[in-house]
Amino acid sequence: MAESESSEVTSRPWQSYHTVYTNAKAGMEGVDKEKVQRIVYEMSKGSKYFENEERKEAFIKQKIENMRARCAKLTAAEISHYQKVADKRILELEATRDLTRIWLHVDMDAFYAAVETLSNPSLKGKPMAVGGMSMISTANYEARKFGVRAAMPGFIARKLCPQLIFVPTDFKKYTYYSDLTRKVFQKYDANFMAASLDEGYLDITNVCKERGMTSGEVAEELRKGVYEETGLTCSAGVAPNRLLAKVCSDINKPNGQFILPNDRMAVMTFISSLPIRKIGGIGKVTEHLLRDVFGITTCEEMLQKSGILGALFSPSSADFFLCVGLGLGSTNTPQVRLRKSMSNERTFLATGDEAFLYHKLVDLAEMLSADMKKEALCGRTLTLKMKTASFEIRTRAVTLQKYICSSEDILKHASKLLKAELPISLRLIGLRMSQFNEDKDGTPSDPTQKTLSNFIVSGVATGRNMDDHISFDSDLSDDHFITELKTDLPIDNHEICYNDFRDPLDSNEVSDPNNSNCLLIYNNDEMEKNDGSLNSKSKAKVNTPEMIGHTLKSYEAEASQLVKIDLDTMNKRTNLSDDAVSSSNQNKQSLWVDDYKCLLCGIEMPSSFVEERQEHSDFHLAERLQKEESDSNPRSLTPKKRFIQKDHITSQSKRKKKHKSSPADVAEDGENWSMGQRQLVCLARVLLQRRKILVLDEATTLVDTTTDNVIQWRIREETSRCTVIRVAHRIPTIIDNDLVLVLDEGKVVEYDSPTELLKNNSSAFSKLVMEFKRRSSSGNNHWGLP
DNA sequence: GGGAGTCATCTCA
DNA sequence: TTCCATGAGATGACTCCC
Ligand SMILES: Cc1cn([C@H]2C[C@H](O)[C@@H](COP(=O)(O)OP(=O)(O)OP(=O)(O)O)O2)c(=O)[nH]c1=O
Ligand SMILES: [Mg+2]
């Protein structure tokens, strides 16, 4: 094999230049691949880029050699052992197969190019690419006939197709059309996953059932809907899981669809001859590796070589490969995905001019800071990325004690990083921020330590990390669950809790009521069952749209009944005591009988002891938490299953070595806390008090949108037996509520259930929803296992 | 030995 | 004339430290 390879190398050197373009792509079937490869090679040969690719290639060759050697060293006994382990694992994985869901993957055809053609119809029928001379983002199908495609440098594309028209990228346009497509997706799955600007995953199980349609009919209708809404064509794939659906959407591209039935035999047949490169997550290198080390080219062969794969790859990779061989993929709908990082980078003529490089850094720092502020993010890990004139990529990172977001702070640390590298000649500089505030997903180093994130993610009573797997009879349970715990603690006799979480200093979002839409949400889950006077009162008021503004005021006027936890005051004092509880005209607090004696333990404490009182009430809250936890023995209770976003296999295989960051300790007076964290504390305290009526007025404005989603989800869980009135600007805050009132310029412009409002595409609410969807789109997990 | 931090690689649109 | 992008996520190896 090595021989034939090297003889080919000498006669046709371009064949050894492995580019990403060798991968089959829709619309390139009739292309003379040999010719394209030769031209790409001719154009690249000798360049700095090419030399770097050669270095990388050599490195991979080395890796392949190493793996081969390791393979050869395995004894027969070892091989048989690994085979046994793999066979067992295959059975386990097979047991997780879920054929009950129907997933549809939509992918727009030549998205950027199609959008450009819409806005300039004269491009129709002509070979065209979006991008510039140095790189093109995509090409239309006419251009693909010449071998021109995404990720190809423009000057090579022009060589392949001299009449190729170049159109510069215009993200605004793509975003606009992306929104339109998502509006259509939404009709079929309100929780669809936007995988990128031009694609989405939809769980159409319910649509098929409710409307008595086949998945093929749904796909047809959806594609027609997208076309009518946008004038753009798309392709769809339907399959029992996302991994397969993604493969299917590519089969009859462009403007086509492919249905893989929810049938094990059909799946196995489909997968058997499928080239592994078609699977998302297997790219150029993995394909190369698996082919040259194990001779694997099709999915089926993954199973045949399962033993050896298990021996040479990490458990998580081996699992993934087995899943590919079995045609298994994720079927669950992840609840929330938090942004992990934010970055920007720029390429320029390679230079060692320090003033120039510093200037670039300034620009990047400012852009990054601005972007972060848009999402109210603060990060503590800053990574500087550099690409040398020879295309070598280097990164340098610092993790700080404090969370930062200002351009000054970013620049300060970025320039330190850069200085340490000087002198250096670069062609690219980039900055990335990660480890966001409120982004901790970790198990605390002290497992009994309560954390805000845990509280929000896992619930008041459980205090469990969502990744924790409570296993019952076997490890093979398909879902993760956490145990739903009941509490019979008495509910406080105060009925309403009004919380104003707004920060007057934060003028970003809410400062100008005249210019902003406002959503007042009314959740009446338990309304019919509650017949207390306060309830009826609130109902009457909220049901009168004209009075909305006034209604809120009235609540404040009635505040003798309310506990007000006022963040504003907290912020000014930097410490965490809810001094507003007693100082801001609220004369009652649930815990203090006669404003003097603790309801629970009888301890006496005058109202002027603000911080002491807060400490005391926190103590009782903690007590309550602990009691609920110890009362709950997961094995003795009937657990209520809850779907958790983390998939079973991944977390199971990684359970032991998962490295999670443990949350930072609270500094004196909470000085190291962000505004968002302060809001969370308020929220946590309020939820723990278990009111029947809750008014949340911009309760999470200081928290980033993604975290907000988790919080909202948790609030919903914790307030299922309680009436919640929310005032908010963010969509996830209110999307699941029973009633939405949209306020604009102080007037109620709409008033209905979210579903009803969404039916009308031009409703103000629909527009807000689309805007949110657009802003919150993010990447997907390519190793998505079931 | 495990957690946090750093860095390089791979993959995707 | 131009001469291989940008933004994001996952994973694994390695180091330092308690
Ligand atoms: C592949 C790729 C896509 N993109 C952008 C441009 C694409 O229009 C958009 C979607 O990517 P794709 O869906 O991969 O490509 P496409 O929609 O242009 O063509 P088709 O699906 O019909 O094969 O993402 C990049 O910016 N860089 C890339 O390397
Ligand atoms: Mg596409």
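Residue numbering restarts at 1 for every chain, and letters A, B, ... go by the order of the sequence lines. What you see is a predicted model, and the numbers here were worked out from it, not measured in a lab.
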**Study point:** Under-4.0 Å side-chain N/O to phosphate OP1/OP2 contact, A/Ser316 with C/dG12
**Key:** yes
Practice item. Could you tell me the separation between the CD atom of A/Glu53 and the P atom of C/dC4, rounded to a whole number of Å? Key: 12 Å
Review point. Does OP1 or OP2 of B/dT6 have a side-chain N or O of A/Thr399 closer than 4.0 Å?
Key: yes
Practice item. Name the closest nucleotide to the A/Thr347 side chain, picking from C/dT6, B/dC7, C/dC4. Key: C/dT6
Exercise for review: Can you tell me the distance, in whole Å, between the CD1 atom of A/Ile393 and the P atom of B/dC10?
Suggested key: 11 Å
Review point. Closer than 4.0 Å, any side-chain N/O of A/Ser314 to the OP1 or OP2 of C/dG12?
Key: yes
Point to revise | Interatomic distance where CZ belongs to A/Phe171 and P belongs to C/dT6 [whole Å] | key: 11 Å
Practice item. May I ask you to say whether A/Lys374 pairs ionically with A/Asp371, meaning some side-chain N is under 4.0 Å from a carboxylate O? Key: yes
Check your understanding: Mind checking whether A/Leu222 and A/Leu104 have side chains closer than 4.5 Å, heavy atoms only?
Key -> yes
Check your understanding: Given side chains that start at C-beta, do those of A/Tyr17 and A/Arg38 come closer than 4.5 Å, heavy atoms only?
Key -> no
Revision key, fill the gap. When A/Glu345 and A/Tyr17 are each assigned the nearest nucleotide of DNA chain C, the 5'-most assignment goes to A/Tyr17
Review point. Under 4.0 Å between a side-chain N or O of A/Arg346 and OP1 or OP2 of C/dG7?
Key: yes
Review point. Would you say A/Thr286 reaches B/dT11's phosphate, i.e. side-chain N/O to OP1/OP2 under 4.0 Å?
Key: yes
**Study point:** Residue pair A/Leu164 / A/Arg158: nearest heavy atoms and the distance that separates them
**Key:** CD2-N, 4.4 Å
Review point. With sugar-phosphate meaning primed atoms plus P, OP1 and OP2, does A/Tyr41 contact a base, only sugar-phosphate, or nothing at under 4.0 Å between heavy atoms?
Key: nothing
Review point. Can you tell which of B/dA8, B/dA13, C/dC4 lies closest to the side chain of A/Ser44?
Key: C/dC4
Practice item. Starting at atom CG of A/Leu382, determine the distance to atom C1' of B/dG5, rounded to an integer number of angstrom. Key: 14 Å
Exercise for review: For A/Ala150, answer base if it contacts any base atom (sugar-phosphate contacts may also be present), sugar-phosphate if it contacts only those atoms, and nothing otherwise; contact means non-hydrogen atoms under 4.0 Å.
Suggested key: nothing
Review point. With a 4.0 Å cut-off on heavy atoms, is A/Ser47 in touch with a base, just the backbone sugar-phosphate, or nothing at all?
Key: nothing
Check your understanding: Has A/Lys387 got a side-chain N or O lying under 4.0 Å from the OP1 or OP2 atom of C/dA5?
Key -> yes
Check your understanding: Base, sugar-phosphate, or nothing for A/Arg432, non-hydrogen atoms under 4.0 angstrom?
Key -> base
Practice item. Ignoring backbone atoms, establish whether A/Arg55 has a side-chain N or O less than 4.0 Å from OP1 or OP2 of B/dA8. Key: no
**Study point:** Nucleotide C/dA8, atom C1' - distance to CG of A/Leu377 in whole Å
**Key:** 14 Å
Point to revise | Residue A/Thr381, side-chain heavy atoms: nucleotide from B/dA13, B/dT11, B/dT6 that is nearest | key: B/dT6
Check your understanding: Hey, does A/Ile279 reach any base, or is it just sugar-phosphate, or nothing, if we go heavy atoms under 4.0 Å?
Key -> sugar-phosphate
Review point. Should the pair A/His105 and A/Tyr201 be assigned to parallel (<30°), tilted (30 to 60°) or perpendicular (>60°) ring geometry?
Key: tilted
Check your understanding: For A/Met43, which contact category applies under a 4.0 Å heavy-atom criterion: base, sugar-phosphate, or nothing?
Key -> nothing
Study note, to complete from the structure: Atom NZ of A/Lys385 and atom C1' of C/dG7 are separated, to the nearest Å, by 9 Å
Revision key, fill the gap. What one should report as the nearest heavy-atom pair of A/Leu431 and A/Ala414 is CD2-CB, 3.7 Å
**Study point:** Nearest-nucleotide pick for A/Gln435, side chain only, options being B/dG5, C/dA5, C/dT2
**Key:** B/dG5
Point to revise | Nucleotide of C/dT2, B/dC12, B/dC10 approaching A/Val285 most closely (side-chain heavy atoms) | key: B/dC10
Practice item. Using whole Å, report how far CE of A/Met152 lies from C1' of B/dA13. Key: 17 Å
Practice item. Indicate yes or no: does A/Lys387 engage A/Glu392 in a salt bridge with an N to O separation below 4.0 Å. Key: no
Exercise for review: Starting from the 5' end of DNA chain B, give me the residue, A/Asp198 or A/Lys63, whose nearest nucleotide shows up first.
Suggested key: A/Lys63
Exercise for review: Give a yes/no answer on whether the side chain of A/Ser343 brings an N or O atom under 4.0 Å of OP1 or OP2 in C/dA8.
Suggested key: yes
Check your understanding: C/dT2 phosphate, OP1 or OP2: any side-chain N/O from A/Lys159 under 4.0 angstrom?
Key -> no
**Study point:** Stepwise ring-ring contact (aromatic ring centres under 6.0 Å, His included) test for A/Phe313 and A/Phe320
**Key:** CA-CA 10 Å; A/Phe313 287 95; A/Phe320 172 65; over 10 Å; no
Practice item. Between A/Phe155 and A/Met367, just flag the one whose closest nucleotide in DNA chain C comes earlier from the 5' side. Key: A/Phe155
**Study point:** Minimum-distance nucleotide to A/Ser317 side chain [options: C/dG12, C/dA8, C/dA10]
**Key:** C/dG12
Check your understanding: Does the pair A/Lys48/A/Glu51 count as a salt bridge with the N-to-O cut at 4.0 Å?
Key -> no
Practice item. Measure from the side chain of A/Met135, starting at C-beta and using heavy atoms only, and say which of C/dG12, C/dA5, B/dC10 lies closest. Key: C/dA5
Point to revise | A/Ser341 vs C/dG9: side-chain N/O to OP1/OP2 distance below 4.0 Å | key: yes
Review point. When all nucleic acid strands are considered with a 4.0 Å heavy-atom cut-off, which category describes A/Arg427: base, sugar-phosphate, or nothing?
Key: sugar-phosphate
Point to revise | Stem segments of DNA chain C by first residue number [Watson-Crick or G-U, under 3.5 Å, at least 3] | key: B:1-13 with C:6-18
Check your understanding: Could you give all pairs that pass the side chain to side chain donor-acceptor pair (under 3.5 Å) test and reach residues 341-352 of chain A, with sequence neighbours left out?
Key -> A/Ser341-A/Arg432, A/Glu345-A/Lys385
Point to revise | Evaluation steps, salt bridge (Lys or Arg N to Asp or Glu O under 4.0 Å), between A/Glu287 and A/Lys284 | key: CA-CA 5 Å; A/Glu287 178 192 35; A/Lys284 189 182 82 160; over 6 Å; no
**Study point:** Nearest-nucleotide pick for A/Lys284, side chain only, options being B/dT11, C/dT6, B/dG5
**Key:** B/dT11
Check your understanding: For C/dC3, does OP1 or OP2 lie under 4.0 Å from any side-chain N or O of A/Lys48?
Key -> no
Check your understanding: What does A/Ile156 touch in the nucleic acid at a heavy-atom separation under 4.0 angstrom: a base, only the sugar-phosphate, or nothing?
Key -> base
**Study point:** Minimum-distance nucleotide (side-chain atoms of A/Arg339 versus C/dA10, C/dA8, C/dG12)
**Key:** C/dA8
